[in-house]
Amino acid sequence: MNARILAFLLATVGMLIVSGIAAPQVRAAPAPTLSIVSPSPNAVIGNGSPVVVVFAVTNFNLTDSRNGTSSPDSGHVDVFVDGGWTAKASINTIVLALPSGPHTIRLRLVTDNGSALNPDVTASVAVMMTQGPAGGTPGLSIFYPREGALLGTDSTISFQVTNFAVVPPGGPAGVPNEGHVRVLLDRVYYADLTDVAPLHLNLKDGSHNVTLQLVDNGGSPLNPDVRVGLHITVQALVGRVTRFDATPFLALANLLIGLGILAAIYRKLEAR
Amino acid sequence: MRAHMRPSHGRSSNGRMAQLGLCLLLGIFLFAVTSPLGAAAVPSLSILTPANDQVIGNGTPVIVSFAVANFVLVQPGRVGQVGSPTEGHVDLYLDGVYSRLLTRVEPISLPLESGPHTIRLQLVQDNGTPLNPNVSAFVRVVTTHGPAVGTPRITVVSPKPGPTISHDLYFAVEVTNFTLVAATGQPNAPNEGHIQLLLNGVLHQEPRAYDLGFIVDMPDGNNTVIARLVNNDNTPLNPDVSASVTVRILGAADPTASEQVTAGVTLILTAILLVLLFRRRKAARRFAPPKAQP
């Protein structure tokens with residue numbers, strides 16, 4: 001009986017030793033961690049500004065060492081943008097200038113010799129870059145001419161855009177507050193404007209409808225749709241002073257005088 | 001008894017001296033503990049540049065220089081790091097939004113959009129908690145693409161005042177101490193904005209930055225075009241900065257060329273007809289029978 005108890009006690013102590021409870025001082029050091037503090041996930045970075053990434057690490061020494069010696073708890077951070085290596089950081093703040101569109105920024109702890117930790121320690125964040133403002137509702141207005149205006153054959157449409165960056169088409173679709181201005185003339189596509197310069201038109205006489213619409217880089221209307229319409233009437237020579245033209249009357253007089261000359265010549269010949 | 005008392009009195013005096021010395025030492029200790037000079041130095045943080053309310057012009061980034069005293073900047077999260085109230089890092093907030101984590105006392109370059117901004121620095125411990133009491137510093141700046149100083153001016157370079165036969169005119173202006181940018185609803189900033197062209201008092205167009213204005217189909221007669229500098233939100237500058245030019249658009253020629261030609265032909269034909277009629281009358285007078293003599 002005593003032998004059984006002794007064996008049981010020995011087994012229990014052995015299991016405790018194996019499980020490490022009895023020797024906490026020999027446990028491995030806490031594993032390094034990495035987290036992205038800023039920007040927040042899916043943040044919109046506006047006005048074409050660079051994105052500033054702030055990250056935090058624990059149990060890891062950031063070093064700028066290039067001496068080749070390597071330690072599993074020291075090194076730097078490799079920065080990957082959309083899967084491609086972009087930069088190396090040994091301080092907690094990284095500034096990245098990125099083009100418009102969605103991007104995924106992934107950070108990875110690596111040792112001084114560039115090898116990944118085991119297990120791999122990474123963190124990532126998705127951001128949206130835009131040339132336009134990060135917030136605000138896009139707006140569009142026509143300030144010249146007024147609704148129902150009477151214009152000459154050549155005319156100018158002047159407009160203003162707010163909270164929206166007008167850029168050439170071809171960029172990634174779905175970028176907020178960025179795109180171009182679509183012109184519909186008499187409800188038919190007419191042109192895409194890539195800046196806010198006035199639109200010049202040369203129209204035939206009659207009534208016309210001009211519609212301006214904000215569209216994204218892919219040409220799709222914004223949601224909600226942002227458009228403004230204008231009705232104008234075109235009439236040639238509006239604003240021109242029309243003077244009296246005597247040409248037709250002079251031409252008639254010439255005809256009559258010519259007939260008189262012929263009559264005079266005929267009478268003369270007849271008299272001979 | 002006296003003899004006995006003397007030594008006894010001497011021991012009592014020594015005791016008092018010892019008590020006095022003990023009190024003195026205690027006082028010195030308490031003074032040292034409570035004295036501000038003896039207390040641990042308090043961490044401090046100050047922004048050296050830019051100055052408060054400084055205007056940063058020409059679209060240049062803001063260079064922030066700061067100083068830290070009685071506080072050690074270290075990388076947070078080091079191996080075996082033990083938190084201390086005199087050790088940590090600097091958090092930078094831009095317009096209230098967390099922006100950067102600084103572990104070195106060196107100037108920072110901040111490219112900022114035009115407009116007013118507030119930059120705040122705060123000392124925090126390694127675990128990110130602020131010090132107690134809080135140690136922070138802030139500075140307000142105004143950034144602009146325009147020059148930081150100077151009075152904006154605008155002049156109309158072309159067309160010159162006076163008559164012209166064209167109804168479509170380009171307008172060229174010269175702007176000084178002012179930077180033209182596309183208006184997209186951004187905040188106002190000093191010496192930054194765009195141009196508005198007003199035709200006969202009515203807002204007509206806003207030319208693209210550093211592009212010519214082009215007004216077409218202008219009516220005959222006198223037309224006054226005002227070129228005005230405005231802020232990003234289309235409000236006029238204060239005081240107003242504008243220039244104007246008056247051109248006289250000449251209408252169609254008077255008389256027209258066709259009218260002149262036709263009138264010339266009329267004159268020639270009339271002359272021919274008159275000559276014919278005159279010669280006919282002369283001939284009729286020559287061949288007329290003589291009148292009977294009364």
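Only heavy atoms go into these numbers, but all of them, side chains included; no hydrogens, no water, no symmetry mates. In what follows, chains carry the letters A, B, and so on, assigned in the order in which the sequence lines appear, proteins first and then strands, with residues in each chain numbered from 1.
- Minimum heavy-atom separation, B/Val202 to A/Tyr144: CG1-CD1, 4.4 Å.
- Note that CD of A/Gln160 and CG of B/Asp233 are 10.0 Å apart. Values are rounded to the nearest 0.5 Å.
- Looking at every heavy atom in both residues, B/Pro207 comes nearest to A/Pro198 through CA-CD, 4.5 Å.
- In terms of heavy-atom proximity, B/Gln75 sits nearest to A/Phe60 at NE2-O, 2.9 Å.
- For B/Asn234, the part sitting under 4.5 Å from any heavy atom of chain A is the side chain, from C-beta outward, and nothing else.
- When atom types are taken as modelled, the side chain of A/Asn254 and the backbone of B/Thr262 share a donor-acceptor pair closer than 3.5 angstrom.
- The line from CD1 of B/Ile268 to CD1 of A/Ile257 is 11.0 Å long, rounded to the nearest 0.5 Å.
- Atom CD1 of A/Ile261 is separated from atom CG of B/Leu274 by 9.0 Å, given to the nearest 0.5 angstrom.
- Nearest approach of A/Asn92 to B/Pro76, heavy atoms of both residues: OD1-CD, 3.9 Å.
- The two residues A/Leu250 and B/Thr266 have their closest heavy-atom pair at O-OG1, 3.6 Å.
- Among A/Leu237, A/Leu62, A/Val161, the residue making the largest number of heavy-atom pairs under 4.5 Å with chain B is A/Leu62.
- Most heavy-atom pairs under 4.5 Å with chain B, from the set A/Asn47, A/Val53, A/Leu151: that is A/Asn47.
- Interatomic distance, A/Ile94 CD1 to B/Leu101 CG, rounded to the nearest 0.5 Å: 11.5 Å.
- Proximity to chain A is absent for every atom of B/Gln81, based on heavy atoms less than 4.5 angstrom apart.
- Looking only at heavy-atom pairs under 4.5 Å with chain B, the residue among A/Ile265, A/Val166, A/Asn177, A/Asn163 that has the most is A/Asn163.
- Neither the backbone nor the side chain of A/Ser74 comes within less than 4.5 Å of any heavy atom of chain B.
- Within the 4.5 angstrom heavy-atom criterion, only side-chain atoms of B/Leu276, from C-beta onward, approach chain A.
- In terms of heavy-atom pairs under 4.5 Å with chain B, the best-connected choice from A/Ala165, A/Ala246, A/Pro32 is A/Ala246.
- In this structure, B/Leu269 CG and A/Leu256 CG are separated by 11.0 Å, a value rounded to the nearest 0.5 Å.
- Between B/His204 and A/Ser158, the shortest heavy-atom contact is O-OG, 2.6 Å.
- Contact annotation for A/Ile91: only side-chain heavy atoms (C-beta onward) come within less than 4.5 Å of a heavy atom of chain B.
- Only the backbone of B/Ala183 has a heavy atom closer than 4.5 Å to any heavy atom of chain A.
- Proximity to chain B involves both the backbone and the side chain of A/Phe143, based on heavy atoms less than 4.5 angstrom apart.
- Top candidate by heavy-atom pairs under 4.5 Å with chain B, chosen from A/Val196, A/Val95, A/Val54, A/Ile157, is A/Val54.
- Between the NE2 atom of B/His167 and the OG1 atom of A/Thr153 there is a distance of 11.5 Å, given to the nearest 0.5 Å.
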